[in-house]
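See structure below.
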Amino acid sequence: MQMIDIEQLPGGVAPPPVRVGDASIDEATIALEMQYHPAETAGEAQLQAARALVVRELLRQRANVLGLLSTQETSEAQEDAAIAALLEQELEVPESGEGDCQRFFDTHRERFSEPAQLRVRHILLAAAPDDSEGRDDAYQLGEKLLKELNSIPERFAEFAQHHSACPSKEMDGDLGWLVSGQTVPELDRALQHLPEGLHERPLASRYGWHVVSIDERRGGRALPFDQVIDRVRHSLREQATRRALRHYLLALESEIGVEGIVLDDDAGGSLMQ
């Protein structure tokens, strides 16, 4: 049975309680856990938090049965140590051979390449996401600056020092060499697809609008198998561990019993993070 947010139930009916064996997980505990599971909606965060607590309780009870955890009150650190010992004892994770590694590498070569590098300058025209008037003003200023820069590109440093809300203004707006993941996601996605030169319009981010110039681009370089075999083996180990955890937790769910929620296919995902 899927756990349901109380706001979705007619007449204010309480959602079904979450139980693992004889232990119950109350709404207050789930609400406290939600801070560690950011999501697009409160309902999704609640669901992720509840699943994480169910996973921990399943493992805690199994560790107790095997004598790895005292039946008396224990600290979180003691529970963590007992769960780690439990997984070390019971989780069977197959090792990948060199043939497996080679096949995985051949299929996912892009994951084992040097990332593309961009030499970027920018001018951040700050505006909060919920300040529509401020964002409009910042965008118009960005267009005005771009018009000037298209005529006199040498003024970029001057404009950065005068207008930018980013500390990089002290370096004339220079962000240095960037690889994917070093800026906020919305700006990062845009940068990866831009050609060299001054971009024709301001780019949006949660911080405002960015006047951006890509001064140089270095393409990613494919790396040979023998240089990345440890990374390949680590990736395969993570995949195998995640699969083993999923099967192990679903078996515990069937054996111990869980009410009020069902574990999804990625039951061990929160444990791996």
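Values in this document were obtained by computation on a predicted structure and should not be read as measured data.
Within a 6.0 Å radius of CD in E92, no more than 12 heavy atoms belonging to other residues, nucleotides or ligands are found. Residue E76 places its CD atom among 12 or fewer non-hydrogen atoms of other residues, nucleotides or ligands, all under 6.0 Å distant. Applying the 6.0 Å contact sphere to CD of Q227 captures more than 12 heavy atoms from other residues, nucleotides or ligands.
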(Q) Using salt bridge (charged side-chain N to carboxylate O under 4.0 Å, His left out), reason through D80 and R56 one step at a time and then give a plain yes or no. (A) CA-CA 9 Å; D80 288 342; R56 186 176 182 88; 2.8 Å; yes
- Going through the checks in order, is the salt bridge (charged side-chain N to carboxylate O under 4.0 Å, His left out) test met by D106 and R103? CA-CA 5 Å; D106 290 340; R103 284 188 291 274; over 6 Å; no
For F112 and H108: C-alpha separation, side-chain torsions, deciding distance, then whether ring-ring contact (aromatic ring centres under 6.0 Å, His included) applies. CA-CA 7 Å; F112 305 102; H108 303 89; 7.6 Å; no
Can E216 and W177 be said to form a side-chain contact (heavy atoms from CB on, under 4.5 Å), step by step?
CA-CA 9 Å; E216 191 176 348; W177 287 98; 3.5 Å; yes
Would D215 and R121 satisfy salt bridge (charged side-chain N to carboxylate O under 4.0 Å, His left out), going step by step from the backbone distance to the final call? CA-CA 7 Å; D215 296 337; R121 288 180 295 158; 2.8 Å; yes
**Asked** side-chain contact (heavy atoms from CB on, under 4.5 Å) between S213 and H122: does it pass, once the steps are laid out?
**Response** CA-CA 6 Å; S213 176; H122 85 141; over 6 Å; no
Step by step, would you call L245 with L87 a side-chain contact (heavy atoms from CB on, under 4.5 Å)?
CA-CA 9 Å; L245 267 175; L87 295 177; 4.0 Å; yes
- Task: For R218 and E114, run salt bridge (charged side-chain N to carboxylate O under 4.0 Å, His left out): C-alpha distance rounded to whole Å, both residues' side-chain angles, the deciding distance at 0.1 Å, then the answer.
- Result: CA-CA 10 Å; R218 294 176 181 165; E114 288 184 345; over 6 Å; no
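Residues L149 and F159 have side chains in contact (heavy-atom distance under 4.5 Å, counting atoms from C-beta outward). Contact of the L236 side chain with the Q239 side chain is registered, since non-hydrogen atoms from C-beta on lie closer than 4.5 Å. Side-chain contact between Q192 and L118 is present, with at least one heavy-atom pair separated by less than 4.5 Å. With a 4.5 Å cut-off on side-chain heavy atoms, Q102 and F105 count as touching. Counting heavy atoms from C-beta outward, L58 and V54 have side chains that approach closer than 4.5 Å. Contact check for E200 versus L146: no side-chain heavy atoms found under the 4.5 Å cut-off. Two residues are said to be in side-chain contact when any heavy atoms from C-beta on lie closer than 4.5 Å; H199 and R201 meet this criterion.
Using a 4.0 Å cut-off between a side-chain N of Lys or Arg and a carboxylate O of Asp or Glu, E196 and R119 do not qualify as a salt bridge. For the pair R237 and E95, the salt-bridge criterion is met [side-chain N within less than 4.0 Å of a carboxylate O].
For the residue pair D188 / Q182, no side-chain donor-acceptor distance below 3.5 Å is found, with atom types taken as modelled. When only modelled atom types and interatomic distance are considered, E57 and Q61 share a side-chain donor-acceptor pair under 3.5 Å. A donor-acceptor pair shorter than 3.5 Å can be found between the side chains of S205 and H210.
Residues meeting the salt bridge (Lys or Arg N to Asp or Glu O under 4.0 Å) test with R155, sequence neighbours left out: E148, E158.
Shortest non-hydrogen contact noted between S113 and R109 is OG-O, 3.1 Å. Here the closest non-hydrogen pair linking V262 and E253 is CA-OE2, 4.0 Å.
Using a 4.5 Å cut-off between side-chain heavy atoms of Ile, Leu, Val, Met, Phe, Trp and Tyr, with links allowed through other members, L124 and V120 fall into the same hydrophobic cluster. Side-chain heavy atoms closer than 4.5 Å link hydrophobic residues (I, L, V, M, F, W, Y) into clusters, and following such links, possibly through other members, connects L191 to V184.
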